[in-house]
Structures are given as structure tokens and as C-alpha cells.
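Okay, so here's the structure we're looking at.
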There are 2 protein chains.
Amino acid sequence: MFGQIMNTKLPPRTVERLSKYRRLLDKYKGLDEAHIYSHKLAGLLNLTPEQVRRDLMLIGLTGNHRKGYNIKALIGIIGNTIDRQEGQQVALVGIGNLGKAVLGFIRKAETRMNIVAAFDIDRNKINTHIAHVPCFDIQEAKQVIREKNIRIAILTVPPEVAVSTTTLLLQSGIRGILNFTSVHLDVSPDIYLKDYDIITSLEEIGFFIK
Amino acid sequence: MFGQIMNTKLPPRTVERLSKYRRLLDKYKGLDEAHIYSHKLAGLLNLTPEQVRRDLMLIGLTGNHRKGYNIKALIGIIGNTIDRQEGQQVALVGIGNLGKAVLGFIRKAETRMNIVAAFDIDRNKINTHIAHVPCFDIQEAKQVIREKNIRIAILTVPPEVAVSTTTLLLQSGIRGILNFTSVHLDVSPDIYLKDYDIITSLEEIGFFIK
DNA sequence: TGAGCAATGTGAAAAAAATAACAGTTGTTT
DNA sequence: AAACAACTGTTATTTTTTTCACATTGCTCA
């Protein structure tokens, strides 16, 4: 309906920005105008208009030379590009403060990334629901991940068990990991790993403002 | 002692990696060998040896052509490069699940980024200590931030108040922000802002593994 | 209707970052 | 002590990402 899925490779930075365009515009949807200019969108996200136009060009979205880009079409095509049709299943591994916080975030956001299982070792959490997500014993991970067709894990376990947990996850078929532990995970190149390294980020900020 | 502070501009990616080298090597310190090869260090962090050598070159560290890089010297020079002598003061703003988790992380890590104050609106938290960090009413932010010479804030407040809180922080003299809210913050270019956008990261992972 | 303006779309240039290539060093071995 | 091996230091090349520049388009309004 909104143009075809582009299976040409997109630059990682573009994918990142596309996700942001959509989240921003989800709020605009319905309200206000039906269209938005590249410079408006750029301004809202501290980008340049050229960057925005190029990103949209790459996913085959064409705007109106006078009115800008149709917001619904934009949201639609971004969805066709970066989502799987049926959404993707995500597991949360480690239900501590951080895990709960992440759950809260994602529940509020409009996204097709569905957290469908959480894992922990705490008997008090296992077999309960947290924020509507069923909690399992990490022992059952392999089975649950297979059954629910989960490919992505958010890793919020204590650092001591980060490596062993990762090994288990990879054996269970996980293909992408969002790593909140400060532990470096050594994974093969076909696994998509994204590190959220708080200390490093802080030190980076520290360096650049001094 | 370990070579001079280089005040030439370093690429952001280099600064990021330097922080990681140090964290990794802090664990090696004392143990094992006194030296490490670029290819060993690269292997441990999934980088290329060339990248490592270039980074170290940029901070003026020179290795031994046969033995590699002296680990203590490496840690020392990275410190001289990216730390302030006296460390830097950081505030945690918003003491929810996420805030507490972040506190836990940083307390465990060896870093000169010191969290010296936390802010919230919850009467039950104000004037207590959490993980040895004193908690203040956000109303007092301006005063406390000035007094304690805080320049960096970790923003873990609910999205509804993200923008207003940021305004307050910037008025109080904060120069760098690590933003955990999914809200886009529009700050002037002289403020160093780093976004931890969980949804975007997840969608990016989703795209690249499909 | 047609001139003007304010967008878009995109090739080309520039900047930033990563990778390759290799000469130069240093310890080791015979 | 000469040949070797395995590193480092750095220049050159390639790749990736951003920015520039400008022709083209589509609405508006005189």
C-alpha cells in the first residue's frame, strides 16, 4: 500500500534515524498537518534537512515539492522498511531495577518490538507477570525462546553472569542482543550486538565538556 | 608522570574506545603480563589492531616493538587524556527503577565520574541516601548543582517532565546530559547530549537481524 | 496563466572513520 | 653477529557518512 519494501542495504545511521522519525511522527499523526517538511523534521531532531531527505530517498519515499512529506505515508513506509510484518519477539533477561525500567519504557512506546518473555532466577518472580509479561526461570530459556520464536534479547543481568547467560541465549537461537551490562561480550559477527555502556558514555561526556 | 595531556581534539569514537581499553585493562592490572599487544586488546574488544594502534598513537602512547604496550602506562595516559585531574561531579536526576539501576552500575565501576547528588520529587526519598548518594528535592537543584560544582546530569525522569527538568538543569549550569528518557531534548550545540534511546536501538537490532 | 518562491531529489564534494600496507624496530636464535 | 620473526608507527587507500549545491517541481497569487 505505501510503496514497496526496499531490501537494498541501508546504512545503520539511516535505520537509527528512521526509527526516530517514526516515533516523533506517531505523536503528530492525526493532529495538525498531514504533511511535514524536511527542515521541520530535521529541526525537531537536530539534524540537517539534507540528511532527512536523503534518508527518505533511500527508502523510496517521495515528498511533495510544495507540501513536504505525507506523514502517514512516511510512517507507513518506515514501518515497511524496518519492521517485520508480524513484529518481532523480544526477551528481557534479568528482572532487576534495570529490567523493570526497560519494561516500563517499552510498554509505553508504540513499537512492533514485543517483549513476550522475561527471565530471572528469583523464585518470587518466576511464574508471575510483570507489566503483563510472563516471567520464566532462566533454566527454561532455551525452550521458551524456541517456542515463542524470540530472536532478540535485552540483557540486564548482573555482570557476574553476563557471559554465561549470553552463551545460553546464543545457544537458544538469539540473534541480536541489547547489552546493558558493562561486560564485553565476545560474539560472532553474525550476531547483532549493541552495547549500552553507561560508564563509557559518561566518560565521553566528561571528556567533551571539559 | 605518564606523558603529557594531549589537548588536541580526539575523535569521539576514539574517546569511546579509550574508555573501554581502560576499563578492560583495569582488570588486567597487576595480573599476568605487564604488556599487551594491539592485536590482543583488539581481540578482546572486537576491534582491529590498527584501530587500537591508531587510538594509542593519537594520545601519544608509544609501545615497545617487541613487547607491545605497557599496561600501566596505557592506563595512566588514558587517564591523563580523558579524565579531569580531580574527577568530575555528576548528578542523577530521577530516582526510579532506572535511576537506582544506574547508581548501582556506577558504584561498582572504577571511574572518576562521581555521582555526588540525586534528585527527585518524592518526599520519601528526599534527604535520604541511596547507595551512599544524598538525595535532594529537585527544587533545590540549582543550588546543589552550583555548590557541588556538578556539570553532568544523568536524566532518568519520566518522559512527561523530561523537557522541563532539562531546562532547569541547563539553567543550573549543567553542560552534559546522558538522556535515558525517550524524549528528544533540544539543546544548544555547546551542551553535550548523549541519548540512550532504547526503542530505537531495539528497532535497529530488529532491522539488522531480519 | 505564468512568474515567483519555497520545497524536493540527487549528483558531487568534503569530512570522518576504518582498513590496508609496509617500512622500521627490537628481541631471539643460531 | 647476521638472519629472522613479530611486533609497532604511520602513510596511503578505501569506505562510510555528511554536507553542499543546484536543477526541478508544484503551489500560490497577481
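Keep in mind that this is a model prediction, so the values were computed, not measured. The chains referred to below are lettered A, B, ... by the order of the sequence lines, with proteins before strands, and numbering in each begins at 1.
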Q. For the pair made of CG in B/L10 and C1' in C/dA16, what is the distance, rounded to whole Å?
A. 14 Å
**Q.** Centroid separation A/Y69 to A/Y37 less than 6.0 Å
**A.** no
Q) Taking 4.0 angstrom as the limit, do B/K194 and A/E204 come out as a salt bridge? A) yes
Q | Nucleic acid footprint by protein, nucleotides 5-12 of chain C - heavy-atom cut-off 4.0 Å, B for base, S for sugar-phosphate alone | A | BBBBBBBB
Q) Could you give the CG-to-P distance, from B/D55 to D/dT10, as a whole number of Å? A) 14 Å
**Q.** Spacing between B/Q51 atom CD and C/dA20 atom P, to the nearest angstrom
**A.** 11 Å
Q. Using the ring of each side chain (for Trp, its six-membered ring), is A/Y192 parallel, tilted or perpendicular to B/F208, with breaks at 30° and 60°?
A. parallel
Q: Whole angstrom is fine here: how far is it from CG in A/N70 over to P in D/dC27?
A: 13 Å
Q) Once you round it to whole Å, what is the distance between C1' of D/dC27 and NE2 of A/H35? A) 12 Å
Q) A/R17 has an atom CZ; how far is it from atom P of D/dT16, in whole Å? A) 15 Å
**Q.** Contact under 4.0 Å: A/T48 side-chain N or O vs D/dT19 OP1/OP2
**A.** yes
Q) Side chains of A/H184 and A/D195: donor-acceptor distance under 3.5 Å anywhere? A) no
Q: Please tell me if the side chains of B/P12 and B/V15 come closer than 4.5 Å, counting only heavy atoms from C-beta onward.
A: no
**Q.** Electrostatic pair B/R112:A/E203 at N-O distance under 4.0 angstrom
**A.** no
